[in-house]
Structures are given as C-alpha cells and as structure tokens.
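Structure first, commentary second.
When a residue number appears, it is its place in the shown sequence, counting from 1. Since the structure is predicted, the reported quantities are computational estimates derived from the model, not experimental observations.
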Amino acid sequence: MATATSTAAYWLAEHPAIVSFRWSPTGLWFSTWAFLLGFLASYVALCLALDAILAAFLRRRRPLPLGPLPAAHALLMAAVSAAIFAGTLLSALAEIRDTRWSWRGRSRTTPFRWLLCFPPGTRSSGRVFFWSYAYYLSRYLHAARGLFAVLQRRRGAAARVFAHAASVAMAFLWLEFSQSFQVLAILASTLAHAVAFGFRFWVGAGLPAARGAPVALACQCALLGCNLLCHVGVVWMHFGGVAGGGCSGIGAWVFNTLLNAALLWVFLHCYGKRGVCDDDGGATAASARHDKDL
C-alpha cells in the first residue's frame, strides 16, 4: 500500500517533467493567443453553422443518434478529471511542504493565503501549474459537450457553447497571468466533473440509478458556491492588505469574474426556464432517466 502511494505521488507530483514545468508560448501545445482566439472563433462558428443546418433540414427537433459516444466521452472526462484532481491536490501539498510555508517568520504568506492569493510576481511554473496546464487542455475535450448538445438538438445549446468557450478562455488566463485562486478552482471543478460525468457514464451505459437524483445540478451548485467563496477571499486578501502587496494576476481575475458572472446568468436563465441546469451550463432534466441524455 505504501509502495503504491509513493509511486502515485511520484508520477503525479514528483516527476521531473512536473517539477520543472514552465508555461511558455513556445514548446507547449495550444499556448498562444493566436491559437486560443482561432479555436474560440472556429468552435462557435462551427456550432452555429451546424445548428443552422440542422434547423433547416430537420423541421422537428429530432436529435441525431450519437450512439455510445456521449457515454464514452463522459467516462473519459470522469477519468481525466479524477487524475487532474489527484495531481493538483498532491502537487499543492508538495509545494506547501517544500516551500515550508509558516504562519510566522519573515514571509507573510501562509498555506491558506497561498491557495487563494499567489504572491505578486508568481510565475506559471512548477507542479501546480503543470496540472493547471493539464486542466486547460482538458477544457478542449470538455468542449465536445457543446457540440453534442447541438447535434442532439437540445434546448439551450447556445448557452452550453458559450459556457465551454468561456471555460477554455478562463483556463488560458490562469496560466498566462499566474492568476490567484486557480488551485482551489481546479480542485473544485475537477471533483465536481469527476462525480457528474461518472454518474452520466453510469446512466448512459444503461446501469441502474436512482430516479430523481439531480447529480449534475448538485455538482453545479456546489461548484458555483465554491467559486463565489474563492472570489470573495481574493477580494478580501488583495484589497484588504492582508496579502502584503496584493495578489498575482488580479487583472485577469477581474476578467475571470466577469466571465463567471456571465456563466452564473446562463445557469440561472436555464434553471428558471427548464427547472434545472447541468454543469455544462445548459438545461437538463431533473431525473436520472433524463441525465442519460446529457
């Protein structure tokens, strides 16, 4: 057991490639502004074009059969999210251990403050930023859910597409500007996705599940609550002066806050219209039977 734990810790937090990671626009996939903007424009244009074509040729809102693809994608997302969660958690603990954060001494930074507020001048390098990069890459995989929503002619598909595009942009900003609070945000997001997508795979594979279990809604609400608390913590530490010079990436944080506010509006809009929203920002049903289609 101890050997398995140490092996997992090595591959998830102590591998040289993880420890020596550095965010750079050269040498890393999808790490330039040009690629990000090109992808966002292409993604939105593709989804809008598909939606218009399907609306023109399919008078009724008949979904295109995707077979086991959504369930397989859910399983993949659950596995990827679980791996990123474990890697981020172990890496954060390792960074705290190696840096020897202390509540006393010359440094005013503590483990709690560091999780919410990176010190000014923090660079996107090291363990936690390796997993932030992995999370950023996973947003492209996650964006396929928006495409599925369009192909299945689901209501609220446009909101889902916007939510996924915003998620990709936010993850890029975290790395580009060493934005504060991203460690807790990644932990909360990947944990919620691991649970929600695991449940979706379970139901999508035809396995028995309790009816009326709003798993996706519960995960989304918990994630929104966690993000709200993190934003309040960043404001308190940056403008309250307890962080000793402010927080890293506060400009990107402001833009991130605006995007989160827009996503919150999408969530509330869908909830008021259909009664419940899933973690993709689109409408879903309130039972496990309908969760199968997400």
Side-chain angles (χ1 to χ4, degrees), residues 38-78 80-81 138-169 189 192-193 195-207 209-221 223-224 259 262-294:
F39 169 80
L40 295 179
S42 301
Y43 175 68
V44 173
L46 174 63
C47 291
L48 292 178
L50 283 176
D51 186 59
I53 292 173
L54 292 176
F57 287 95
L58 298 178
R59 297 293 181 180
R60 299 178 181 177
R61 298 189 64 86
R62 293 182 179 179
L64 294 181
L66 299 180
L69 185 59
H73 181 269
L75 177 61
L76 179 60
M77 280 302 306
V80 170
S81 298
S138 74
R139 296 307 86 196
Y140 290 95
L141 180 63
H142 192 199
R145 303 300 293 191
L147 188 60
F148 292 164
V150 172
L151 294 176
Q152 293 179 325
R153 309 300 312 284
R154 301 186 63 83
R155 297 184 183 276
R160 294 170 186 244
V161 171
F162 168 78
H164 290 303
S167 179
V168 173
S189 179
H193 287 154
V195 174
F197 280 110
F199 182 78
R200 286 173 180 169
F201 166 74
W202 181 273
V203 177
L207 299 172
R211 289 183 178 274
V215 175
L217 174 63
C219 290
Q220 177 71 351
C221 290
L223 185 57
L224 289 173
L259 288 178
L263 294 180
L264 178 60
W265 178 86
V266 169
F267 174 80
L268 295 177
H269 173 73
C270 294
Y271 185 84
K273 185 177 181 181
R274 293 290 301 279
V276 67
C277 281
D278 69 359
D279 70 325
D280 293 334
T284 183
S287 69
R289 176 175 60 84
H290 291 145
D291 254 342
K292 178 180 178 180
D293 297 327
L294 296 178

Working to the nearest 0.5 angstrom, can you tell me the gap between [X] [atom1] and [Y] [atom2]?
X: L66; Y: L151; atom1: CG; atom2: CG; answer: 5.5 Å
X: R200; Y: L75; atom1: CZ; atom2: CG; answer: 13.5 Å
X: D51; Y: R154; atom1: CG; atom2: CZ; answer: 13.5 Å
X: L147; Y: R160; atom1: CG; atom2: CZ; answer: 12.0 Å
X: L40; Y: F162; atom1: CG; atom2: CZ; answer: 11.0 Å

With sequence neighbours left out, what residues match A41 under side-chain contact (heavy atoms from CB on, under 4.5 Å)? none

Any idea which heavy atoms bring [X] and [Y] closest together, and the distance?
X: A55; Y: R153; value: CA-NH2, 3.7 Å
X: A143; Y: F39; value: CB-CZ, 4.4 Å
X: R139; Y: S167; value: CD-OG, 3.0 Å
X: V44; Y: A165; value: CG2-CB, 4.5 Å

Stepwise, does the side-chain contact (heavy atoms from CB on, under 4.5 Å) test hold for V168 with H142? CA-CA 9 Å; V168 173; H142 192 199; over 6 Å; no

Determine yes or no for a side-chain-to-main-chain donor-acceptor pair under 3.5 angstrom, with H193 supplying the side chain and C219 the backbone. no

Do F197 and V80 have side chains that approach each other closer than 4.5 Å (heavy atoms only, starting at C-beta)? no

Could you go through the side-chain contact (heavy atoms from CB on, under 4.5 Å) check for M77 and R145 one step at a time? CA-CA 10 Å; M77 280 302 306; R145 303 300 293 191; 5.5 Å; no

